[in-house]
Peer 1: 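The structure that follows is given in the form of structure tokens.
What you are looking at is a predicted structure, and each value in this text was computed from that prediction instead of being measured.
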Amino acid sequence: MALERDLQTDPPCHPRALTGITDCLTRNGFDEAKCTRYVDALYECCQAFYKKNGDEATTVSCPKASLLRLKMEQREKAKQ
């Protein structure tokens, strides 16, 4: 998944949200633990989106910037 390409889609980061996460969840009985790499990829794209466009920017594919940072922090702590 090329980050720059996914930032250019309309809406931004949508391929990672729709194709990646949704397909994985469907294949795995909605077990999010089996789809963490797709969630991480979406969050990576969303983080780049906010870095490029500012925290007030919006896209339906990403949580708000403050929530994204919280979720990323929680995921990082869970890995430790």
Side-chain angles (χ1 to χ4, degrees):
M1 291 183 252
L3 181 59
E4 279 302 316
R5 182 192 68 220
D6 290 345
L7 285 170
Q8 299 299 320
T9 60
D10 184 25
C13 302
H14 193 69
R16 294 184 185 211
L18 182 64
T19 306
I21 295 172
T22 304
D23 288 352
C24 180
L25 289 171
T26 301
R27 282 191 316 271
N28 291 290
F30 295 90
D31 183 353
E32 188 177 325
K34 294 181 179 179
C35 301
T36 56
R37 71 184 182 122
Y38 294 101
V39 175
D40 290 341
L42 172 62
Y43 287 176
E44 173 194 36
C45 187
C46 293
Q47 186 176 31
F49 170 78
Y50 288 120
K51 183 176 181 180
K52 180 179 178 180
N53 298 293
D55 284 359
E56 299 305 314
T58 61
T59 176
V60 297
S61 304
C62 298
K64 290 185 178 186
S66 58
L67 180 58
L68 174 68
R69 284 191 289 276
L70 175 64
K71 294 295 251 176
M72 291 180 77
E73 183 180 306
Q74 289 171 339
R75 292 173 72 78
E76 191 59 37
K77 284 181 182 177
K79 290 179 184 178
Q80 297 175 355

Peer 1: Report yes if the side chains of S61 and F49 come closer than 4.5 Å at any heavy-atom pair, otherwise no.
Peer 2: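 No; the side chains remain at least 4.5 Å from each other.
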
Peer 1: So which atom in T59 and which in P12 form the shortest heavy-atom distance, rounded to 0.1 Å?
Peer 2: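 Answer, listing the atom of T59 first, then P12: OG1-O, 3.1 Å.
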
Peer 1: Is it the case that the side chain of T22 and the backbone of A17 share a donor-acceptor pair, with hydrogens and angles ignored and the cut-off at 3.5 Å?
Peer 2: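 Present.
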
Peer 1: Same cluster or not: L18 versus F30, using hydrophobic residues (I, L, V, M, F, W, Y) connected whenever any side-chain heavy atoms lie under 4.5 Å apart?
Peer 2: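 In one cluster: no.
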
Peer 1: How long is the straight-line distance from CZ of R37 back to CG of L42, given to the nearest 0.5 Å?
Peer 2: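 If we round to the nearest 0.5 Å, L42:CG and R37:CZ are 14.0 Å apart.
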
Peer 1: Any carboxylate oxygen within less than 4.0 angstrom of a Lys/Arg side-chain nitrogen, looking at E73 and R69?
Peer 2: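 Salt bridge: no.
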
Peer 1: Using only the SG atoms, establish whether C46 and C13 come within less than 2.5 Å of one another.
Peer 2: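 Taking the criterion (SG atoms under 2.5 Å apart), C13 and C46 fail it, so no.
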
Peer 1: Between L67 and P63, what is the shortest heavy-atom contact and its length?
Peer 2: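 Minimum heavy-atom contact is CD2-CB, 3.9 Å.
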
Peer 1: For Q74, look at atom CD and say whether over 12 heavy atoms of other residues, nucleotides or ligands are found less than 6.0 Å away.
Peer 2: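 Atom CD in Q74 is crowded, with more than 12 foreign heavy atoms closer than 6.0 Å.
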
Peer 1: Where do L68 and M72 land on the side-chain contact (heavy atoms from CB on, under 4.5 Å) test, with the steps shown first?
Peer 2: CA-CA 6 Å; L68 174 68; M72 291 180 77; 3.9 Å; yes

Peer 1: Is Q8 close to R5 at the side-chain level, that is, under 4.5 Å between some pair of heavy atoms?
Peer 2: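 R5 vs Q8: side chains apart.
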
Peer 1: Can you see which heavy atom on L3 is nearest to which on C45, and at what distance?
Peer 2: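 In terms of heavy atoms, the two residues are closest at CD1-CA, 3.5 Å.
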
Peer 1: Give me the atom names and distance for the closest heavy-atom approach of C35 to L25.
Peer 2: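 Closest heavy-atom pair between C35 and L25: SG-N, 3.5 Å.
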
Peer 1: Nearest 0.5 Å please: distance from the OG1 atom of T36 over to the CD1 atom of I21.
Peer 2: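 Rounded to the nearest 0.5 Å, the OG1-CD1 separation comes to 10.5 Å.
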
Peer 1: Do the side chains of K71 and V39 get nearer than 4.5 Å, heavy atoms only?
Peer 2: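 They are not in contact (no side-chain heavy atoms under 4.5 Å apart), so the answer is no.
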
Peer 1: Looking only at heavy atoms, which two atoms of K34 and C24 are closest? And how far apart?
Peer 2: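 Between these two residues, the closest heavy atoms are O-SG, 3.6 Å.
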
Peer 1: Take K64 and L70 through the side-chain contact (heavy atoms from CB on, under 4.5 Å) test and state the conclusion after the steps.
Peer 2: CA-CA 10 Å; K64 290 185 178 186; L70 175 64; over 6 Å; no

